[in-house]
Amino acid sequence: MQLVLPLSSETALIAELHGRLLARFGRPRPCRSLDPVSQLVMGIIGGRTLGADSLRAFEALRARFASWEALCDGPVAAVEAAIQPVTYEDAKARHLRRALRQVTARRGRLELDFLRDWPVEPALAWLERLPGVGRKVSAATLNFSTLRRPALVIDTHHLRVLRRLRLVGPRATIALAYDHIVPRLPSGWDAAEYDDHHQLLKKLGQTYCHAGTPACAGCPLRPLCPSAGAAPVVRPPGSRRRRGRARR
Ligand code: SF4
């Protein structure tokens, strides 16, 4: 069951979680920001893939194509071959080329800098009309890139923690979680604090709030967490339950 609290109470809770995670992990180191088109490319190829493999695929694309415009004009098989380390490389290669072509068709050239001046919600919606772009990729394009807009990236680690904290329901998707959480973030937060918040919750999901049995005993959020010591196993979206074999 999802906790139902007044909006101001949820904001206070989120601020408390954030403070506890900062105290435990320290402030995340800022990452090098890519230009927004490059960040869009990284997002489309990076779904359900280890970060190191996404980075290798991204660097391979940059080595294979002289520019993102050249990728639009190149054969899709060459895109697929370059991004081999990622999952679903055939679908991602098609989505990537079509998405970049659609940006070019809609804007007259391959650029996303105009989103710097748009309100965040319409900017997310504009990006999500592109093939292969869901809320995680659209938010990352706005927040991680040099656009540095206040959009919250929620990945599967972050979503799992939100579900166990019962800030969102057990079946909430990333987009539903986004729509519930963002209005409840402290109003004074800037884009860097949105980024920090995502990094901190992701780190908690990677280090304590695992998809299998969470390590609640040492978790800095334990005093605030209604699932502490009793969190159900949360399978990542798209994974299948197998009969007769325990998952490792
Ligand atoms: S107390 Fe346990 S279930 Fe709750 S956030 Fe921490 S690790 Fe996850």
Side-chain angles (χ1 to χ4, degrees), residues 28 30-49 51 54-76 78-80 82-83 86 88-89 91-155 158 173-175 177-179 181-182 185 189-199 202:
C31 297
R32 177 177 59 110
S33 290
L34 299 168
D35 68 86
V37 173
S38 296
Q39 181 60 55
L40 178 68
V41 171
M42 180 69 111
I44 290 174
I45 66 176
R48 297 187 191 173
T49 297
S54 301
L55 196 55
R56 273 200 301 142
F58 180 78
E59 295 301 343
L61 278 179
R62 289 230 263 216
R64 173 64 180 78
F65 297 100
S67 65
W68 298 134
E69 287 83 356
L71 186 154
C72 289
D73 297 334
V76 72
V79 179
E80 185 177 334
I83 63 171
V86 305
Y88 308 110
E89 69 275 13
K92 287 177 178 177
R94 289 195 309 277
H95 285 154
L96 177 58
R97 205 172 63 141
R98 282 177 50 217
L100 297 186
R101 285 180 170 185
Q102 284 190 22
V103 173
T104 307
R106 285 156 68 182
R107 295 296 302 167
R109 64 194 177 97
L110 186 48
E111 64 91 21
L112 292 170
D113 288 320
F114 71 98
L115 294 174
R116 192 185 309 278
D117 301 321
W118 280 33
V120 168
E121 299 305 322
L124 292 169
W126 193 95
L127 289 164
E128 288 169 21
R129 294 209 303 276
L130 299 170
V133 178
R135 184 60 53 86
K136 180 183 156 196
V137 175
S138 61
T141 302
L142 295 181
N143 182 253
F144 291 170
S145 77
T146 51
L147 294 173
R148 282 314 245 174
R149 305 301 313 284
L152 182 68
V153 178
I154 298 177
D155 67 359
H158 188 156
T173 61
I174 285 173
Y178 184 102
D179 291 342
I181 294 295
V182 167
L185 296 178
W189 278 8
D190 61 15
E193 284 164 311
Y194 275 61
D195 188 358
D196 288 349
H197 191 64
H198 163 66
Q199 303 294 347
K202 178 178 180 178

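Here the structure is a predicted model, which means the values were calculated and not measured.
For CZ of R109, the number of neighbouring non-hydrogen atoms (other residues, nucleotides, ligands) closer than 6.0 Å is 12 at most.
Side-chain contact check for D196 versus W189: every heavy-atom pair is 4.5 Å or farther apart. In this structure, V41 and L34 have side chains that are not in contact, with every pair of non-hydrogen atoms separated by 4.5 Å or more. Between E69 and T104, every side-chain heavy-atom pair lies at or beyond the 4.5 Å cut-off. The shortest side-chain heavy-atom distance between V103 and W126 falls under the 4.5 Å cut-off. Within the 4.5 Å cutoff, the side chain of L110 has heavy atoms near those of the L100 side chain. The closest side-chain heavy-atom distance from I154 to H198 is not below 4.5 Å.
The line from CZ of R107 to CZ of F114 is 4.5 Å long, rounded to the nearest 0.5 Å. Taken from CE in M42 to CZ in F144, the straight-line distance is 10.5 Å, to the nearest 0.5 Å. The distance from atom CG of L142 to atom CG of L147, rounded to the nearest 0.5 Å, is 6.5 Å. Here the NE2-CG distance, from H197 to D195, works out to 11.5 Å after rounding to the nearest 0.5 Å. Atom NE2 of H95 and atom CD of Q102 lie 10.5 Å apart (nearest 0.5 Å). Distance check: L112 CG to T141 OG1 gives 7.0 Å after rounding to the nearest 0.5 Å.
Under the 3.5 Å distance criterion, the side-chain polar atoms of R149 are left unmatched by any main-chain donor or acceptor of A123. When atom types are taken as modelled, the side chain of H158 and the backbone of V153 share a donor-acceptor pair closer than 3.5 angstrom. A side-chain donor-acceptor contact under 3.5 Å links R116 to the backbone of T146. Proximity of a side-chain donor or acceptor of R148 to a complementary backbone N or O of N143 within less than 3.5 Å is detected. Remark: the backbone N or O of Y88 is not paired with any side-chain donor or acceptor of R48 at under 3.5 angstrom.
Scanning all heavy atoms of the two residues, the minimum distance from P36 to D113 falls at CG-OD1, 3.5 Å. Closest approach of A151 to Y194, counting heavy atoms only: C-CD2, 3.6 Å. For I83 against K92, the heavy-atom pair with the smallest separation is CD1-CB, 4.0 Å. Counting all heavy atoms, side chain and backbone alike, P150 lies closest to A191 at N-CB, 3.9 Å.
Remark: K202 engages D155 in a salt bridge (Lys or Arg N to Asp or Glu O under 4.0 Å) (not counting sequence neighbours). Residues passing the side chain to side chain contact (heavy atoms under 4.5 Å, CB included) test with R135, sequence neighbours excluded: L124, E128, S138, I174, A175, Y178, D179.
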Check: residues 54-63 side-chain donor-acceptor pairs under 3.5 Å, at least two apart:
{"residue": "S54", "atom": "OG", "partner": "L50", "partner atom": "O", "Å": "3.3"}
{"residue": "R56", "atom": "NH2", "partner": "D53", "partner atom": "OD1", "Å": "3.1"}

* To do: Before giving the answer on side chain to side chain contact (heavy atoms under 4.5 Å, CB included), spell out for V120 and V182 the whole-Å C-alpha distance, their side-chain angles and the decisive distance to 0.1 Å.
  => CA-CA 11 Å; V120 168; V182 167; over 6 Å; no
